[in-house]
Amino acid sequence: MGSTSNGNEEKVVETVMVGRYVEMEQDGEEKTIKSRLSGLLWHGGSAYDAWFSCASNQVAQVLLTLPYSFSQLGMLSGILFQLFYGLMGSWTAYLISILYVEYRTRKEREKVDFRNHVIQWFEVLDGLLGKHWRHVGLAFNCTFLLFGSVIQLIACASNIYYINDKLDKRTWTYIFGACCATTVFIPSFHNYRIWSFLGLVMTTYTAWYLTIASLLHGQVEGVKHSGPTKLVLYFTGATNILYTFGGHAVTVEIMHAMWKPQKFKAIYLLATLYVLTLTLPSAASVYWAFGDALLNHSNAFSLLPRTAFRDAAVVLMLIHQFITFGFACTPLYFVWEKVIGLHDCRSLCKRAAARLPVVVPIWFLAIVFPFFGPINSAVGSLLVSFTVYVIPALAHMFTFRSAVARENAVERPPRLVGGWIGAYMMNMLVVGWVLVVGFGLGGWASMTNFIRQINTFGLFAKCYQCPPPMPTLAPTPFPSNAQNATNPGIIPSPSPAPSYFIHHQHYHHGRP
């Protein structure tokens with residue numbers, strides 16, 4: 001009985017020690033004004049920092065496409081899918097956190113030092129389940145984060161166009177690609193303290209701007225809310241919401257930046273609950289005001305009249321997309337550093353220079369596929385479905401499939417979900433639902449829509465969903481003096497107005 005008590009006590013001590021390296025390094029350091037200011041703005045590792053990071057990263061540019069998804073799904077389905085996928089995402093984020101703590105605790109029992117090493121999801125899979133899981137996790141995670149970064153660049157170009165349309169969206173993509181490349185100078189998630197806070201403030205403002213502006217605008221004349229009308233549109237909208245609540249691909253990196261990773265367990269759920277207070281009112285209000293018009297406007301900004309408040313929201317979202325680009329790209333920087341052997345390098349400049357090649361393919365893909373909105377659904381169905389839903393659920397089941405593993409688990413499933421039996425049932429529900437609805441039906445619908453965008457606008461589209469430029473009409477030449485003398489009194493008739501002016505008022509941004 002005494003040995004059992006000592007064993008449990010030892011397990012608790014080991015669990016508490018996980019992730020305490022940063023605190024131990026800081027013990028005994030003299031607190032100067034510079035260090036205090038740096039700690040306030042730069043060095044974050046608390047549970048609050050993790051909450052800000054999760055909430056800020058979860059609701060980025062997708063906030064602007066959710067009204068578009070509501071027009072595809074209808075009001076009721078849009079609300080229900082947000083609630084359902086929000087809870088499902090919180091559950092799989094919890095699973096990832098449990099697996100991270102399990103892996104780190106096992107390694108620290110073996111005296112492994114993570115002082116100069118950032119643990120990543122594929123390493124957790126490798127340590128718990130072997131190299132085959134490592135390869136699968138690495139492939140899906142890197143591909144998802146790559147396209148997640150691509151989507152942020154596309155969103156930057158799409159948003160800035162509503163303030164300054166003198167440059168086309170492709171040119172804006174070039175410009176913001178160069179701006180976002182500066183994220184190579186941010187060492188890790190430990191250094192996103194002030195950025196995470198500001199990012200959440202910015203999305204909060206934008207969400208409530210969309211809500212209030214739509215309600216004040218009122219419903220447009222003849223508004224219709226006919227969704228859902230087609231299965232393709234329905235499941236395309238559903239996978240965009242799946243993508244919305246699949247932002248926990250960086251959970252392991254956020255946890256590793258924490259001083260006490262055990263506190264993460266409920267953080268993602270709390271972040272999701274806050275995010276729902278932003279996404280539900282904004283998406284529902286914009287859809288109520290504009291209805292089916294959103295089917296041809298994947299960016300909610302395009303339907304709202306230009307005001308100082310809208311311009312402020314656009315600028316804030318641009319800054320936030322820069323932050324989210326860093327969130328998505330930083331794990332890719334870590335992987336690349338490990339490949340080339342610079343991950344433990346102390347020189348920030350050397351690491352920044354080594355990271356730059358990672359930005360190049362992101363830049364290129366954003367120019368090839370500028371389809372803001374449809375690309376979210378494609379990424380959601382093909383990549384998010386496996387990266388943050390199927391693989392974590394399967395990994396949890398396989399890691400604790402034996403009685404010995406369950407008995408020695410650092411963290412056990414809460415009684416609220418029914419212990420191990422309830423956890424396994426929930427995991428099987430996640431795997432089954434996401435494979436059939438998310439990957440199967442969602443993949444078919446989103447790729448059908450994505451291919452339609454390619455056929456309509458083409459790859460490397462210069463300005464996706466932009467109205468055609470106003471044609472410049474050459475002045476009709478008048479007869480020369482000699483002709484007037486020969487034919488006095490003849491006045492040239494004006495050329496008929498081009499048909500463009502007749503039909504321009506019926507033009508919709510989503511159709512050429």
Side-chain angles (χ1 to χ4, degrees), residues 15-27 29 31-60 63 86-87 89-98 100-101 104 114 118-119 121 183 186-208 244-279 316 319-328 330-331 388 411 414:
T15 304
V16 170
M17 287 303 295
V18 175
R20 294 298 299 275
Y21 284 123
V22 175
E23 286 187 333
M24 287 189 292
E25 288 174 359
Q26 292 177 344
D27 287 344
E29 289 184 2
K31 299 277 187 178
T32 63
I33 295 177
K34 182 179 178 181
S35 65
R36 289 178 185 276
L37 185 62
S38 177
L40 178 65
L41 303 177
W42 185 250
H43 293 294
S46 67
Y48 296 104
D49 291 307
W51 183 84
F52 279 116
S53 294
C54 290
S56 177
N57 183 50
Q58 189 174 150
V59 56
L63 186 70
L87 291 174
S90 299
W91 171 252
T92 51
Y94 166 76
L95 297 180
I96 293 172
S97 71
I98 294 302
Y100 168 84
V101 172
R104 186 159 181 178
F114 293 108
V118 176
I119 298 173
W121 175 232
T183 57
I186 301 178
S188 72
F189 284 95
H190 189 66
N191 309 108
Y192 271 95
R193 164 168 278 186
I194 188 64
W195 293 113
S196 298
F197 172 75
L198 291 176
L200 192 58
V201 171
M202 293 168 187
T203 49
T204 300
Y205 171 87
T206 303
W208 286 108
T244 302
F245 294 97
H248 45 291
V250 296
T251 297
V252 171
E253 288 83 359
I254 292 175
M255 288 187 69
H256 192 82
M258 294 178 66
W259 297 318
K260 298 178 181 178
Q262 296 78 11
K263 291 185 176 181
F264 186 86
K265 288 182 292 184
I267 285 176
Y268 197 85
L269 175 61
L270 296 175
T272 299
L273 293 176
Y274 179 78
V275 165
L276 286 171
T277 67
L278 305 180
T279 58
L316 292 177
I319 300 172
H320 183 262
Q321 279 147 13
F322 164 82
I323 299 169
T324 311
F325 181 93
F327 272 118
T330 298
V388 295
E411 294 281 352

Practice prompt. Identify which one of Val388, Thr272, Val59, Leu87 satisfies the side chain to side chain contact (heavy atoms under 4.5 Å, CB included) criterion when paired with Phe245.
Written response: Thr272
Discussion item. Can you tell me how far apart CZ (Phe189) and CZ (Phe327) are? Round to the nearest 0.5 Å.
Written reply: 6.0 Å
Practice prompt. Please report the closest heavy-atom contact between Met202 and His320, naming both atoms and the distance.
Written response: SD-N, 3.9 Å
Item to complete: Drop me the distance from Ser46's OG to Lys263's NZ, to the nearest 0.5 angstrom.
Response: 8.5 Å
Item to complete: May I have the step-by-step check of side-chain contact (heavy atoms from CB on, under 4.5 Å) for Val250 and Asn57, ending in yes or no?
Response: CA-CA 9 Å; Val250 296; Asn57 183 50; 3.5 Å; yes
Worksheet entry | Spatial distance of atom OG (Ser188) from atom NE2 (His256) [nearest 0.5 Å] | 8.0 Å
Response to the item:
Rounded to the nearest 0.5 angstrom, the OG1-OH distance for Thr92 and Tyr268 is 7.5 Å
Worksheet item: Under 6.0 Å between the ring centres of Tyr94 and Trp91?
Response: yes
Practice prompt. For the pair Leu278 and Thr204, evaluate side-chain contact (heavy atoms from CB on, under 4.5 Å) and give the outcome as yes or no after the intermediate values.
Written response: CA-CA 7 Å; Leu278 305 180; Thr204 300; 4.0 Å; yes
Discussion item. Working to the nearest 0.5 angstrom, can you tell me the gap between Ser90 OG and Leu95 CG?
Written reply: 11.0 Å
Worksheet item: In terms of the angle between their ring planes, are Trp259 and His190 parallel, tilted or perpendicular, with boundaries placed at 30° and 60°?
Response: perpendicular
Item to complete: Determine whether Met258 and Lys260 make a side-chain contact, defined as any pair of heavy atoms from C-beta on separated by less than 4.5 Å.
Response: no
Fill in: Trp51 and Ser196, any side-chain heavy atoms less than 4.5 Å apart
no
Worksheet, complete the sentence: Shortest non-hydrogen pair, Pro331 vs Glu253, comes out as CB-OE2, 3.6 Å
Discussion item. For His248 and Cys54: C-alpha separation, side-chain torsions, deciding distance, then whether side-chain contact (heavy atoms from CB on, under 4.5 Å) applies.
Written reply: CA-CA 7 Å; His248 45 291; Cys54 290; over 6 Å; no
Worksheet item: Once you round to the nearest 0.5 Å, how far does OG1 of Thr330 lie from CZ of Phe325?
Response: 9.0 Å
Practice prompt. Show your reasoning for whether side-chain contact (heavy atoms from CB on, under 4.5 Å) applies to Leu198 and Ile319.
Written response: CA-CA 9 Å; Leu198 291 176; Ile319 300 172; over 6 Å; no
Practice prompt. Take atom OH of Tyr274 as the centre, draw a 6.0 Å sphere, and report whether it contains more than 12 heavy atoms from other residues, nucleotides or ligands.
Written response: yes
Practice prompt. Please check if the side chain of Thr203 supplies one atom and the backbone of Leu200 the other of a donor-acceptor pair under 3.5 Å.
Written response: yes
Discussion item. So Trp195 and Phe52, do their side chains get closer than 4.5 Å, heavy atoms only?
Written reply: no
Fill in: Side-chain donor or acceptor of Ser56 paired with backbone N/O of Ser53 under 3.5 Å
no
Practice prompt. Test Phe264 against every option in Ile98, Val101, Ile96, Thr251 by the side chain to side chain contact (heavy atoms under 4.5 Å, CB included) rule and name the one that passes.
Written response: Thr251
Item to complete: Locate the shortest heavy-atom distance separating Val275 from Ala55; write the atom from each residue and the value.
Response: CG2-O, 3.9 Å
Item to complete: With sequence neighbours left out, write down each residue that passes side chain to side chain contact (heavy atoms under 4.5 Å, CB included) with Thr244, or none if nothing qualifies.
Response: Val62, Leu66
